[in-house]
Trainee: 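Before I ask anything, let me first share the structure, which is written out below as structure tokens.
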There are 2 protein chains.
Amino acid sequence: MSTTSAAGKRAQAKIEYDAFLAVCPSRKLLERVSDKWVTLILAALGSGPDCQGGPRPMRYSELSRLLAGVSQKMLTQTLRALERDGLVSRTVTPTVPVTVTYELTALGLSLHETMRTLKRWAESHMDQVLASRAHHDRAAQSE
Amino acid sequence: MSTTSAAGKRAQAKIEYDAFLAVCPSRKLLERVSDKWVTLILAALGSGPDCQGGPRPMRYSELSRLLAGVSQKMLTQTLRALERDGLVSRTVTPTVPVTVTYELTALGLSLHETMRTLKRWAESHMDQVLASRAHHDRAAQSE
DNA sequence: CAGTATCCAGCTAGATACTG
DNA sequence: CAGTATCTAGCTGGATACTG
């Protein structure tokens with residue numbers, strides 16, 4: 001069945017668009033970065049536990065304590081993903097019990113720097129967004 | 001029951017951390033931006049249908065055609081959210097049938113500009129990430 | 001300490017059908 | 001044309017229990 005119908009063309013366009021998105025670098029980056037814990041881990045490793053100061057390695061338990069909301073499952077899963085992507089390095093020291101530290105790689109550090117651009121936008125513009133949101137909701141309220 | 005036990009302190013820390021995240025501007029921005037269709041609509045309205053050239057208003061059907069993968073539900077839902085946040089403006093022209101155009105606001109445009117920073121990072125570094133990922137997977141394969 | 005394994009509730013987003 | 005309404009499958013992520 002060749003795709004000559006309108007529905008067929010739409011389906012075809014969708015498949016092609018999906019294929020385009022699958023190779024789009026920006027989209028891949030967003031998929032990695034838009035994870036809740038990814039950015040928080042990046043920030044923790046990139047700015048230290050107090051969110052100011054330089055990047056420094058941190059232990060699993062230290063991260064776990066700092067990101068108080070994270071489950072073990074998600075922390076491990078996220079760290080593994082970041083390691084796989086070359087953004088974070090994992091170092092095991094065979095003490096008893098074992099010591100594991102995580103640290104941003106050069107690549108991870110450069111991504112962290114880039115993310116700070118977003119942070120700056122958020123800090124200077126999110127109040128506007130929030131104001132607009134509140135205004136919009138108030139208008140809807142009094143209908 | 002006061003939180004004096006270790007488990008209680010952990011639970012307390014988690015609640016406080018959640019509260020912190022709830023007011024963190026960066027987090028709020030990420031929550032908005034990390035939606036699949038948000039960035040694509042921002043890009044469409046900000047760079048035109050051919051992804052090069054300046055921002056320009058687009059009609060609902062035009063967006064629908066350009067973002068071939070989007071469902072009507074998600075397109076409408078996303079546009080409404082962007083409008084609520086003051087990033088996109090919606091204009092209805094009472095022709096027959098009705099014509100609706102969407103356009104980036106100044107705020108939306110400034111966010112779009114910021115997002116291009118991420119795009120640039122993706123274009124120059126995602127190949128490294130992908131290479132690391134492939135390398136990692138190959139190593140796991142031959143275990 | 002630093003994980004792994006399993007189960008499942010909740011939310012999201014797609015498909016589908018209908019409308020001013 | 002530009003939506004709204006509804007249903008549901010599938011995935012995500014949290015809770016929980018166990019381990020080298």
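Residue numbering restarts at 1 for every chain, and letters A, B, ... go by the order of the sequence lines.
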Trainee: Take the protein atom CG of Leu67(B) and the nucleotide atom P of dG14(C), then report the distance between them rounded to whole Å.
Mentor: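 After rounding, the reported distance stands at 12 Å.
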Trainee: Determine whether the side chains of Tyr60(B) and Thr101(B) contain a donor N or O and an acceptor N or O closer than 3.5 Å.
Mentor: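 No pair is found: no donor N or O on one side chain lies under 3.5 Å from an acceptor on the other.
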Trainee: Using whole Å, what does the distance between atom P of nucleotide dC1(D) and atom CE of Met58(B) come to?
Mentor: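 Checked: the CE to P distance equals 14 Å.
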Trainee: Taking only distance into account, with no hydrogens and no angle test, what donor-acceptor pairs under 3.5 Å do side-chain atoms of residues 78-85 of chain B form with protein atoms, sequence neighbours excluded?
Mentor:
residue, atom, partner, partner atom, Å
Thr78(B), OG1, Met74(B), O, 2.6
Arg84(B), NH1, Asp137(A), OD1, 2.9
Arg84(B), NH1, Asp137(A), OD2, 2.5
Asp85(B), OD1, Arg133(A), NE, 2.7
Asp85(B), OD1, Arg133(A), NH2, 3.3
Asp85(B), OD2, Arg133(A), NH2, 3.0
Asp85(B), OD2, Arg32(B), NE, 2.4

Trainee: Give me the stems containing DNA chain C, sorted by first residue, counting only three or more consecutive Watson-Crick or G-U pairs with both distances under 3.5 Å; say none if there aren't any.
Mentor: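 Stems (3+ consecutive pairs) listed as C:1-20 with D:1-20.
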Trainee: Can you tell me how far C1' of dA13(C) sits from CG of Asp18(A), to the nearest Å?
Mentor: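 From Asp18(A) CG to dA13(C) C1': 13 Å.
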Trainee: Output all residues satisfying side-chain hydrogen bond (donor to acceptor under 3.5 Å, both in side chains) with Ser71(B), sequence neighbours left out; order by chain, then residue number.
Mentor: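 Result, side-chain hydrogen bond (donor to acceptor under 3.5 Å, both in side chains) vs Ser71(B): none returned.
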Trainee: What residues form a side-chain hydrogen bond (donor to acceptor under 3.5 Å, both in side chains) with Glu16(B), not counting sequence neighbours?
Mentor: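 If we apply the side-chain hydrogen bond (donor to acceptor under 3.5 Å, both in side chains) test to Glu16(B), skipping adjacent residues, the hits are Gln12(B).
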Trainee: Residues in ring-ring contact (aromatic ring centres under 6.0 Å, His included) with His125(B), at least two apart?
Mentor: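 His125(B): ring-ring contact (aromatic ring centres under 6.0 Å, His included) contacts with Trp121(B).
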Trainee: Can Thr114(B) and Arg120(A) be counted as having a side-chain donor-acceptor contact under 3.5 angstrom?
Mentor: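 Note: Thr114(B) and Arg120(A) side chains miss the donor-acceptor criterion.
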Trainee: Could you pull out all residues at least two apart from Glu62(B) that satisfy salt bridge (Lys or Arg N to Asp or Glu O under 4.0 Å)?
Mentor: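 Salt bridge (Lys or Arg N to Asp or Glu O under 4.0 Å) check on Glu62(B) returns Arg56(B).
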Trainee: Go through the structure and list residues passing side-chain hydrogen bond (donor to acceptor under 3.5 Å, both in side chains) with Ser64(A), not counting sequence neighbours.
Mentor: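 If we apply the side-chain hydrogen bond (donor to acceptor under 3.5 Å, both in side chains) test to Ser64(A), skipping adjacent residues, there are no hits.
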Trainee: What is the per-nucleotide protein-contact pattern of nucleotides 2-8 of chain C, from the 5' end, where B denotes a base atom under 4.0 Å from a protein heavy atom, S denotes such proximity for sugar-phosphate atoms only, and - denotes neither?
Mentor: SBB-BB-
Trainee: Can you tell me the distance, in whole Å, between the CG atom of Leu75(B) and the P atom of dA5(D)?
Mentor: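 One finds 16 Å between P of dA5(D) and CG of Leu75(B), rounded.
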Trainee: Going by the rule salt bridge (Lys or Arg N to Asp or Glu O under 4.0 Å), which residues pair with Glu31(A) if we only count those two or more places apart in sequence or in a different chain?
Mentor: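 By the salt bridge (Lys or Arg N to Asp or Glu O under 4.0 Å) rule, Glu31(A) matches no residue at all.
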Trainee: Which comes earlier along DNA chain D counting from the 5' end, the contact point of Asp35(A) or that of Pro97(A), where each point is its nearest nucleotide?
Mentor: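 Here Asp35(A) is the residue nearer the 5' end.
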Trainee: Which whole-number value in Å describes the distance from Leu21(A) CG to dG14(C) P?
Mentor: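 Distance, rounded to whole Å: 11 Å.
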Trainee: Can you name the ring-ring contact (aromatic ring centres under 6.0 Å, His included) partners of Trp37(A), sequence neighbours left out?
Mentor: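 Expected list: none.
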Trainee: Measure CH2/Trp37(B) against P/dA13(C) and give the value in whole Å, please.
Mentor: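 Distance, rounded to whole Å: 10 Å.
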Trainee: Whole Å only: how far is the NZ atom of Lys36(A) from the C1' atom of dG14(D)?
Mentor: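 The answer, rounded to whole Å, is 10 Å.
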Trainee: Could you pull out all residues at least two apart from Ser47(A) that satisfy side-chain hydrogen bond (donor to acceptor under 3.5 Å, both in side chains)?
Mentor: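 Only His112(A) meet the side-chain hydrogen bond (donor to acceptor under 3.5 Å, both in side chains) criterion with Ser47(A).
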Trainee: Strictly under 3.5 Å: I want the nitrogen or oxygen pairs between protein and nucleotides 9-12 of chain C, one per line.
Mentor:
none

